[in-house]
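Let me begin by presenting the structure, written as C-alpha cells, before commenting on it.
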Amino acid sequence: MTIVLARNSPTEVVASTVGPLGELLGEARVLPFAQLAAFVAEREGRPEAERWVWSDSSRWYGDLLSAGVRVRRCHDLRLSHAILRNSTLTAHTAFARSEPTDWSLPAEPLSAHVVPAHSTLFDLGETMASGRGAANEDSVAEYRRQLMALSEVPDAGRLRLLLAAESVGALIAAEMRHAGLPWRTDVHDAILTEELGPRVPYGTRPARLEELAGRIRDILGDQSVNPDSPQNVLKALNRAGLMITSTNRWELAEQSHPVIAPLLEYKKRARLLTANGWTWMDQWIVNERLHPDYVPGGAATGRWATSGGGALQLPRQVRAAVTADPGWKLVVADAAQLEPRILAALSADTAMAAAGRGTDMYAGIVASGVVESRDHAKVAMLGAMYGATTGESGRLMPKLTRAYPRAIRLVEQAARAGERGELVTTWLGRSSPAPGEEWREAQRRASQPGANAAEESRARSRAREWGRFTRNFVVQGSAAEWALCWMGEIRNSLHAIQQRSSTPPARRAAASGAVFESIPHLVFFLHDEIIVHTPEEHADEVAAAVTEAAAFAGRLLFGDFPVDFPLGIAVVDRYADAK
DNA sequence: CGGTTCTGCCAC
DNA sequence: AAACGTGGCAGAACCG
C-alpha cells in the first residue's frame, strides 16, 4: 500500500492512499499533527510494509522518530524529483522539460539545533511547521508526475532502484541522526588534555600551544610572530631566509630549518583545537552522542554531504572517543577499494575484476604483473579515476591502459564527454549537472575565429577541468549507489535480527520514545564505511549480515558479473581500534 | 562593522 | 612528490 502524507495546513496532515498510478483510492484522511504518529505506528504494526510518500524525509521522519515511530519504506519526493529532472534517461519526458517548481529547490536544512531528544507526541509537527512557507503541499500530484515520468522510460528498472535506494538512504540518515554516534566525552577530553594541555576558556591558547608558540618565536628571534596567521608566519619565514610562497604543510616540510618542526606541530595541534576541541564537543555531543546532520544526495555525485557536526571529517586523532556502550559493540566495516571495483563492473572489465578477486585489489594488480608495487597500483588507479596527467600517476597510466583497456576507455570517454560539455550518467541513472553558462561562454569565445591564444588556453583548461569532474562522476556516483544499496540491505538485515531476537521490538521501544534503545542499529556512514552499534550478543550475527549485504548489493547492481566487494570488518569497543 | 572569500587541513 | 576527484569547517584576510 502506498500512502501519501502532505501538510494540509500548519496544523494538519492529509493522508491519501494511492494506487500504482498515483490515483486516489478512497477518501483521503485529514489528521491533526498530534495524531500522525499514532496513525503511522498503527499502519507499521501491520505485516505488509506501507510505502510512505512525503516531501522530505528529514522533516517527516525526524518528527516520527522523535515520537518513537519507525517506518520500513518511503518515497522521498524531493530527492526523487532531483534525480528524475536531471537524468539523461528522463530527459525526453515532460517532467524533465517543464519549468522548475518548488520541488526543484533543495530541502531546507534542519534548524541548527533540533537535536533529536525524545519528545512527546504533542511536539510532533514542530519541525514540519517550521518548514518552507505555509503553503499546502501538492504531494499527490508530484508523486503522480514522477510515476508518469518513470513510465515513459523504456527500461526504468535501474532508475526505480535508484529512487528506492535514495529514499531508504534518507530514512537511514534520519535514523542515524536520531540515534547518534556513541561518544565518550571523558575520552575525548583526555585526548585533548594530552595533546593541548588542560582545558582553557575559548579564545585563549592551551598550555601546549603557548609553549610551542614561544619556541617558534624564540627560534625566529621575533616575539611578534602569531602562528595562527598564515600571512604573518609567511613574512617571518621569508625574513628568516626561507624561500616559500605559502605556509601549507607540504611546502614547509620541504624546508630544513629548526623552526619547521615546532611550527608543524603547532599547526597539527591547533587544528585539533579549532576543529574538534572543547567547543566542538560542547556544541555537538549531546548526552554522549554525536548527532550529525546528514544531507543525502548533497554532493552532485549522489554522495552524502553533512551540514554541521563535521561528520565527513572525523579525524583519526579523536576516533578513540567513539566507544560502544557497556555490553554493546561497534561493528565497523569499510568496502575495500570500492571505486576501482565499481569501475571494473561498470566497464565489464573482467581482467580488472579478476585482479580484485582477493581482499586487496591493489595486490591483485601487482600479482597480475601490471605494475611493480602496491603503491604504484594504488596511485595509478586513483590517477585513472581522478584524471591525473603528470607525476608518477601519469607515468603509470600506459601500463594500466594496456592491462585494463575497457576500464580505462570508460573513464576516458566520460572525460571526453565532459570536455564537450555533455552530461554523463551513473550506473543507476543519476546524471551530472550541466556546466554553467560561464563555462559555455568561455568555450564559445575560444572557438570563434578571432579568439586569442589566452582565451583558447583558458577554455581548454576549463574543459579539461570539467572532464576530470565527469570522469570521476561516473565512478564516484556509481560507488555511492552501491553504498546506498549496501546500507539499505544492512538495515533490512538488522530489522530481521531484531525481529528474531528475544529482546522485543519496536513496540516497546516506541512506547518509551527510544526507537533504538535495545536493538542493533546503524550509527555512522561515510562514503564506503559504516558503523553498527549492537548489543554484544548480536555482534557476530551483525558482522555476518553486513558482509552478506555487500555481496547482495553487488548482485543487485551488477547481476552475475563476477566482481567482488570484500570488506574490512571488525567488532570493536572503539572506532579507533578498527584498523 | 558584517558579510564574503581565501587559506589550510580534515575525511573518503 | 605536490597534482588529481568529492565534500566541511574554522579562522584569517579582504571588502564595501
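We name chains A, B, ... by the order of the sequence lines, and we start the count at 1 in each one. Heavy atoms only: backbone and side chains are in, while hydrogens, waters and symmetry mates are out.
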5' precedence on DNA chain C between A:Glu254 and A:Gly308 (nearest-nucleotide basis):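 Comparing both residues, the 5'-ward one is A:Glu254.
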
Sugar-phosphate, base or nothing in reach of A:Gly394, heavy atoms under 4.0 Å: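 Here A:Gly394 touches no strand at all.
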
Touch class at under 4.0 angstrom, heavy-atom based, for A:Gly310 against every strand present: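 Sugar-phosphate only.
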
Heavy-atom donor-acceptor pair, A:Arg468 side-chain to C:dC4 base, under 3.5 Å: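 Flag unset: no donor-acceptor pair detected.
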
Side-chain heavy atoms of A:Trp183 within contact of A:Val322, under 4.5 Å: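 Touching, per the 4.5 Å side-chain cut-off.
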
Beyond-backbone contact of A:Met381 with A:Met361, side-chain heavy atoms, under 4.5 angstrom: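 No; the side chains remain at least 4.5 Å from each other.
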
Distance test, side-chain N/O of [X] to OP1/OP2 of [N], below 4.0 Å:
| X | N | value |
| --- | --- | --- |
| A:Lys267 | B:dC9 | yes |
| A:Thr306 | C:dG7 | no |
| A:Thr389 | C:dC4 | yes |

Integer-rounded Å distance: B:dC9 P and A:Leu252 CG: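 These atoms are roughly 8 Å apart.
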
A:Lys235 NZ to B:dT7 C1', straight-line distance once rounded to whole Å: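 Rounded to whole Å, this separation is 15 Å.
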
Centroid-centroid distance, A:Phe558 to A:Trp482, less than 6.0 Å: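 No.
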
Residue A:Arg303, side-chain atoms from C-beta onward, closest of C:dC14, B:dC12, B:dC9: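 Looking only at heavy atoms from C-beta outward on A:Arg303, the closest nucleotide is B:dC12.
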
Options C:dG7, B:dC12, C:dA2, nucleotide nearest the side-chain atoms of A:Gln313: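 So the side chain of A:Gln313 is nearest to C:dG7.
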
B:dC12 and C:dC4, which share atom name C1', separated by this distance in whole Å: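 The same atom, C1', in both gives a distance of 14 Å.
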
